[in-house]
Novice: 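Could you have a look at this structure, given as structure tokens, before my questions?
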Amino acid sequence: MQHNGAGRKGRATRERLFAARFTKATDSHHRAAAAVAVPQVSSATDYKQQMQLLAKGGTLCLVGIPTEEIKGLTPADFVFDGKQLVGSVVGGRADMQEMLDMCAVTGIKAMCQTMPLSKVNEAIELLLANKPRYRIVLETDL
């Protein structure tokens, strides 16, 4: 996950995600503690680092599926600690409607960073550097 969960901002993020804890993958003091890690990027990322967040028997659930090979992971990364790798892709219209209905009932809202359309080049640079907070949505700024 991509937020350390500390302070008021971290508490708000945890509440929005219905999470007890929300850990930044690069925080070494949070190693081997999570039952589930859900990296939400479709670009290449350090999956070895993501696996180190997992406790024994933990699950790495990919929501954004990269097209590149997952480098740096071996069968030993899964077998010795009973970890697993699973994934999810967005389904068709019926799945999307079910998700939107659930969001309406539970109050879950999209978490995204908005930028004016006039800053599209800056938005692309942020995406290429894997720096956006959640997703970037461009808004018209006429």
Side-chain angles (χ1 to χ4, degrees), residues 1-75 77-79 81-142:
M1 298 294 224
Q2 301 300 321
H3 193 281
N4 67 9
R8 189 177 329 147
K9 196 173 190 178
R11 185 171 49 252
T13 300
R14 288 192 314 274
E15 288 171 0
R16 289 181 72 191
L17 293 172
F18 300 97
R21 192 171 67 226
F22 192 58
T23 303
K24 186 174 180 180
T26 55
D27 287 351
S28 60
H29 61 282
H30 289 296
R31 298 286 188 231
V36 177
V38 187
Q40 300 175 342
V41 295
S42 55
S43 58
T45 188
D46 187 347
Y47 290 104
K48 183 98 171 164
Q49 185 180 58
Q50 300 284 337
M51 291 289 287
Q52 291 172 346
L53 289 175
L54 298 174
K56 289 185 179 198
T59 301
L60 182 63
C61 179
L62 303 181
V63 177
I65 308 294
T67 56
E68 300 89 10
E69 292 181 19
I70 296 179
K71 295 183 173 109
L73 292 179
T74 67
D77 293 314
F78 299 95
V79 176
D81 287 332
K83 296 176 183 178
Q84 58 183 334
L85 174 68
V86 299
S88 175
V89 294
V90 176
R93 290 182 183 185
D95 293 328
M96 188 64 71
Q97 187 61 53
E98 181 181 351
M99 180 199 61
L100 291 172
D101 292 343
M102 182 205 59
C103 290
V105 168
T106 61
I108 295 173
K109 297 178 183 173
M111 297 174 74
C112 59
Q113 174 181 348
T114 58
M115 295 179 73
L117 187 57
S118 60
K119 293 188 175 184
V120 66
N121 291 334
E122 183 180 328
I124 290 171
E125 288 176 18
L126 289 171
L127 288 169
L128 292 173
N130 286 327
K131 291 188 176 183
R133 181 160 172 91
Y134 310 112
R135 301 285 188 242
I136 294 178
V137 175
L138 297 174
E139 298 178 322
T140 57
D141 57 342
L142 299 176

Novice: Please find the pair of heavy atoms, one from Met51 and one from Leu73, that lie closest to each other, and give the distance.
Specialist: CG-CD2, 3.7 Å
Novice: Which residue, Val105, Thr106, Leu100, forms the side chain to side chain contact (heavy atoms under 4.5 Å, CB included) with Met102?
Specialist: Thr106
Novice: Can you tell me how far apart CD (Gln52) and CD (Gln50) are? Round to the nearest 0.5 Å.
Specialist: 10.0 Å
Novice: Would you give the length of the straight line joining atom CG of Leu60 to atom CG of Leu54, rounded to the nearest 0.5 angstrom?
Specialist: 6.0 Å
Novice: Mind checking what makes side-chain contact (heavy atoms from CB on, under 4.5 Å) contact with Val79, not counting sequence neighbours?
Specialist: none
Novice: List the atom pairs, donor and acceptor, that lie under 3.5 Å between side-chain atoms in residues 112-123 and the rest of the protein, sequence neighbours left out.
Specialist:
{"from": "Gln113", "atom 1": "OE1", "to": "Arg133", "atom 2": "N", "distance (Å)": "3.1"}
{"from": "Ser118", "atom 1": "OG", "to": "Asp141", "atom 2": "OD2", "distance (Å)": "2.5"}

Novice: Taking atom CG of Leu138 and atom CD1 of Ile124, what is their separation to the nearest 0.5 Å?
Specialist: 8.0 Å
Novice: Could you tell me which residues satisfy side chain to side chain donor-acceptor pair (under 3.5 Å) with Glu98, sequence neighbours excluded, listed by chain and number?
Specialist: none
